[in-house]
Structures are given as C-alpha cells and as structure tokens.
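One structure coming up, written as structure tokens, with questions to follow.
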Amino acid sequence: SPPHAERRTALLECARTHRIERLAIRAIRVRGDAPQAWFGTATGILDDERTLAVLDTVRTRELRTVVTTLAGIKGAKPVVFKGAALAHSHYAAPWLRPRLDTDVLISPSSVGLAFGALEALGYQRAVSTSGELVLSQAPLTRTDSFGVEHALDLHWRIANWQVIAAVLSHDDVASRAVTLAAAG
C-alpha cells in the first residue's frame, strides 16, 4: 500500500490508544486524501459514526429531560459541565467527544430533592461510600426504552478531592454558566 495509507492507519491506531480516534477520522476525512473505501470496509468507521450520532441524539434528549427536571427543584440550578458541556460547546458534533457519563452540578442544598426527582425518572444510585468529606458526587444510571444506558454523575461540589472541591462553589459556577441550546 502507498506510504500515506500506512500513515493513516498508524495515525488511527495511535488515536485509538489516546481515545481521540473520532477527531482523527474527521481530520483525515476533511483533508480528503483517503479513499471512501478506507472509511467503510477497512475500518468500519462509517458504521461507527452513524451509531455514535444516533446514540448521542438519544443521550442529548435524555440530558434535556434531566436538566429540565433538576431545574424544577427550587435552588438546584443544574449546570452541565466537563465532557458533555465540552462536547456541545467546542466540538463540531457532540458525538466526536468520547465520554462515559454526564456530569451535572447542583446546589448542595438540593441534593436530597434531586435524588428523589432522578429516581422518579428511573435513575438508580450506584452503591458507594457516603459522607460529606468522602464524596461530593454520586453516580446514577438508567436504561431507557431503547435499551440505552444513561450514566449520570450528580455533583454538589466540583470534585471529590477536598483541595479542589472548595475552589469553586456551585454558585460560582452557576453564575458564569451559559445556556447551550442542544443540551437545554
């Protein structure tokens, strides 16, 4: 095969190692120096892209439901941050940003009501350690009618590490938050 084909394959393998293959594939496609067959039969990329785009659409719809539900709790002021926020604000398409869960920050005073509201949507809390000094977030999951699992990390501080957790409060973050149309 030509040297540029070997470089594309090596780039893709390296990108997979670092979990940025979606961006690498997009860059190769934008350059236009790879034959269409390379994207389909050789790597399965086209099927992967379609699957990821559909999955992201389902997850974005779920995220809207979660944000709307949490926003209905007095004082909760939900803020989507980390991976999902970056996916919807800095990527050409949100499915290009790999992520395992969605992180949502709420006010500490609304945690109990938020758990109740999310349980009413069908979310279940994972078994984990409790205690204010140990954790400042909780993982929850729900499987929807399509069979898609939605993983949510509900935060009431920005991180579990005490040295970082107090750097920015929920109010600090919420006061600077911007609305992302796609995520609601």
Side-chain angles (χ1 to χ4, degrees), residues 1-64 66-67 78-105 123 126-129 135-144 146-155 157-165 167-168 173 176-184:
S1 64
H4 59 279
E6 291 174 10
R7 286 196 302 269
R8 279 194 303 271
T9 301
L11 171 67
L12 184 57
E13 288 309 312
C14 182
R16 280 188 176 132
T17 300
H18 295 284
R19 294 185 53 212
I20 60 167
E21 69 269 19
R22 298 172 192 179
L23 292 173
I25 291 163
R26 179 60 60 101
I28 291 169
R29 183 173 284 167
V30 167
R31 281 182 52 134
D33 65 353
Q36 190 64 24
W38 186 79
F39 291 103
T41 57
T43 59
I45 291 167
L46 290 177
D47 288 340
D48 290 348
E49 285 184 344
R50 288 181 192 111
T51 300
L52 291 168
V54 169
L55 186 59
D56 188 74
T57 300
V58 172
R59 288 191 169 143
T60 297
R61 187 180 94 185
E62 180 71 12
L63 177 57
R64 283 188 194 120
V66 166
V67 169
V79 178
V80 178
F81 72 122
K82 294 171 56 175
L86 288 173
H88 287 278
S89 63
H90 287 74
Y91 285 73
W95 58 264
L96 288 169
R97 171 71 163 81
R99 54 196 189 275
L100 300 173
D101 59 18
T102 299
D103 295 275
V104 180
L105 177 68
Y123 279 88
V127 176
S128 64
T129 305
L135 292 178
S136 53
Q137 69 188 55
L140 298 104
T141 58
R142 172 179 111 77
T143 301
D144 67 18
F146 298 112
V148 175
E149 183 175 87
H150 301 277
L152 179 69
D153 272 353
L154 187 67
H155 294 251
R157 286 188 288 195
I158 61 168
N160 281 327
W161 304 304
Q162 293 301 310
V163 70
I164 296 172
V167 171
L168 286 171
V173 175
R176 297 180 185 145
V178 295
T179 301
L180 298 173

Any heavy-atom pair between the side chains of V148 and L55 that's under 4.5 Å?
yes

Residues in ring pair (Phe, Tyr, Trp, His ring centres under 6.0 Å) with F81, at least two apart?
H155

Roughly how far apart are E149 CD and E62 CD, rounded to 0.5 Å?
11.5 Å

Of all heavy-atom pairs linking A151 and L100, the shortest is CB-O, 3.6 Å

With side chain to side chain contact (heavy atoms under 4.5 Å, CB included) as the test, would you mind laying out the steps for H150 and T141 before giving the verdict?
CA-CA 5 Å; H150 301 277; T141 58; over 6 Å; no

Kindly compute the distance separating CG (L86) from CG (D103), expressed to the nearest 0.5 Å.
10.5 Å

Nearest heavy atoms of G83 and R99, plus distance in Å
C-CD, 3.8 Å

Going by the rule side chain to side chain donor-acceptor pair (under 3.5 Å), which residues pair with R59 if we only count those two or more places apart in sequence or in a different chain?
none

OG1 of T102 to NE2 of H88, rounded to nearest 0.5 Å, is 7.5 Å

To the closest 0.5 Å, what do you measure between OH (Y123) and CG (L152)?
5.5 Å

Looking at residues at least two apart in the chain, or sitting in another chain, which of them share a salt bridge (Lys or Arg N to Asp or Glu O under 4.0 Å) with R97?
none

Could you grab the distance from atom CG of L105 to atom CG of D153, nearest 0.5 Å is fine?
11.5 Å

For the student: nearest non-hydrogen atoms of D56 and W95, plus distance:
CB-CB, 3.7 Å

Rounded to the nearest 0.5 Å, the SG atom of C14 sits from the CD1 atom of I20 at a distance of 7.0 Å

Walk me through it: do V79 and V104 pass the test side chain to side chain contact (heavy atoms under 4.5 Å, CB included)?
CA-CA 5 Å; V79 178; V104 180; over 6 Å; no

